[in-house]
Amino acid sequence: MEMSPNTASSALLLRSVWLLFLLTPITQTTDAPTPDTSLLVNTTLLFDSGGPGHDLRNCSCSTPVQDCDEALANSLCRCHSVLRSALPLAGLRDPGQLTVWVKELWVLEELLNRSMVGHLQLSFCGVKPMHSQYLALLGLRTLRIHSEAPEAPYRTQEITLLPAVELEALTFDLSTSFHLTILDVAVLNGLSALKAYSVVGPPAPILSQHFPLLATPLALPPSAPGDPVDPGGPLQKLLITFVY
């Protein structure tokens, strides 16, 4: 996703959000800070190799690994390198458990933006703080944020997106609709508690009119497995969750 200066991006995002406020009901999700925990077992782990080409290490871990411990991950997990130039332009498609250790913003922009991820863990392992930038994620259900920044008062937090009670309040059926999460990567600094809210957004085909700074077109899945998207059919419903 092409990024603009922070001030312009924030202002445009706020204008779009205010438009949605006028059109749709808003619900508040809950967040639950948890103690520091190690990497969950049976998960996919991705992190910057730190080499000259800034390639990625892709690891399959069946043993717990402490956050940001790359040497331990290389030792205990089954890992291989992936060229940065080989990253999929349309984003990842991982409905399972995905963990990404982040030192630089490019890992998020080039790897995660526009990806479809069901359960995501992000660990900030860098030195320089992350400034507000926005990523678009499809189908996100749970999010865990961990920060290794020494000044972070909120080191590990977890949030479950879209509890059943919220969907009932919105009369929104995810089985025939799409869920888009817009994540402010500044949460990786661990300076404040995770917050999230969901709104019924504009129909998917006209999303770019309200959020022109998002990478487009988003690779939205069909309404049901195996069903083609009918450009002439009904406009696809979209639920947007903002995490900040």
For this session: State whether the SG distance for the cysteine pair Cys77/Cys61 is less than 2.5 Å.
Result: yes

Distance-minimising heavy-atom pair for [X] and [Y]:
{"X": "Pro153", "Y": "Gly190", "result": "CD-O, 3.0 Å"}
{"X": "Ala73", "Y": "Leu45", "result": "CB-CD2, 3.7 Å"}
{"X": "Val102", "Y": "Met130", "result": "CG1-CE, 3.4 Å"}
{"X": "Phe242", "Y": "Tyr244", "result": "O-CD2, 4.0 Å"}
{"X": "Ser115", "Y": "Leu92", "result": "OG-N, 2.7 Å"}
{"X": "Ala152", "Y": "Asn189", "result": "CB-O, 3.4 Å"}

Problem set entry | Contacts of type side-chain contact (heavy atoms from CB on, under 4.5 Å), residue Cys68, not counting sequence neighbours |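 For Cys68 the side-chain contact (heavy atoms from CB on, under 4.5 Å) partners, ignoring immediate neighbours, are Ser123, Cys125, Glu148.
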
Problem set entry | Test side-chain contact (heavy atoms from CB on, under 4.5 Å) applied to Asp55 - qualifying residues, sequence neighbours left out | Ser49, Leu83, Arg84

Heavy-atom check, side chain of [X] versus side chain of [Y], under 4.5 Å:
{"X": "Leu112", "Y": "Leu122", "answer": "yes"}
{"X": "Cys59", "Y": "Phe47", "answer": "yes"}
{"X": "Tyr134", "Y": "Leu183", "answer": "no"}
{"X": "Val187", "Y": "Leu143", "answer": "no"}
{"X": "Val243", "Y": "Leu140", "answer": "no"}
{"X": "Thr142", "Y": "Glu158", "answer": "no"}
{"X": "Ile182", "Y": "Thr241", "answer": "no"}
{"X": "Leu180", "Y": "Leu138", "answer": "yes"}

Exercise. Looking only at atom types and distance, does a side-chain atom of Lys103 sit under 3.5 Å from a main-chain N or O of Trp101, one as donor and one as acceptor?
Worked result: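 Between the backbone of Trp101 and the side chain of Lys103 there is no qualifying donor-acceptor contact (under 3.5 Å).
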
Hey, what do you get for [atom1] ([X]) to [atom2] ([Y]), rounding to the nearest 0.5 Å?
{"X": "Glu104", "Y": "Glu110", "atom1": "CD", "atom2": "CD", "value": "10.5 Å"}
{"X": "Leu108", "Y": "Gln133", "atom1": "CG", "atom2": "CD", "value": "10.0 Å"}
{"X": "Asn58", "Y": "Arg78", "atom1": "CG", "atom2": "CZ", "value": "10.0 Å"}
{"X": "Leu137", "Y": "Arg114", "atom1": "CG", "atom2": "CZ", "value": "12.0 Å"}
{"X": "Thr99", "Y": "Leu46", "atom1": "OG1", "atom2": "CG", "value": "8.5 Å"}
{"X": "Thr44", "Y": "Gln121", "atom1": "OG1", "atom2": "CD", "value": "11.0 Å"}

For this session: Apply side chain to side chain contact (heavy atoms under 4.5 Å, CB included) to the pair Arg144 and Asp67, showing each step before the final yes or no.
Result: CA-CA 12 Å; Arg144 175 185 178 269; Asp67 289 290; 3.0 Å; yes

Problem set entry | Residues forming a ring-ring contact (aromatic ring centres under 6.0 Å, His included) with Phe124, sequence neighbours excluded | none

For this session: Mind running side chain to side chain donor-acceptor pair (under 3.5 Å) on Ser81 and Arg57 for me, showing each step along the way?
Result: CA-CA 5 Å; Ser81 294; Arg57 293 292 284 169; 3.0 Å; yes

Problem set entry | Evaluation steps, side chain to side chain contact (heavy atoms under 4.5 Å, CB included), between Tyr154 and Ile145 | CA-CA 9 Å; Tyr154 298 87; Ile145 298 291; over 6 Å; no

Exercise. Are Trp106 and Val185 connected, step by step, through hydrophobic side chains (Ile, Leu, Val, Met, Phe, Trp, Tyr) whose heavy atoms are closer than 4.5 Å?
Worked result: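 Yes; Val185 is reachable from Trp106 via cluster members.
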
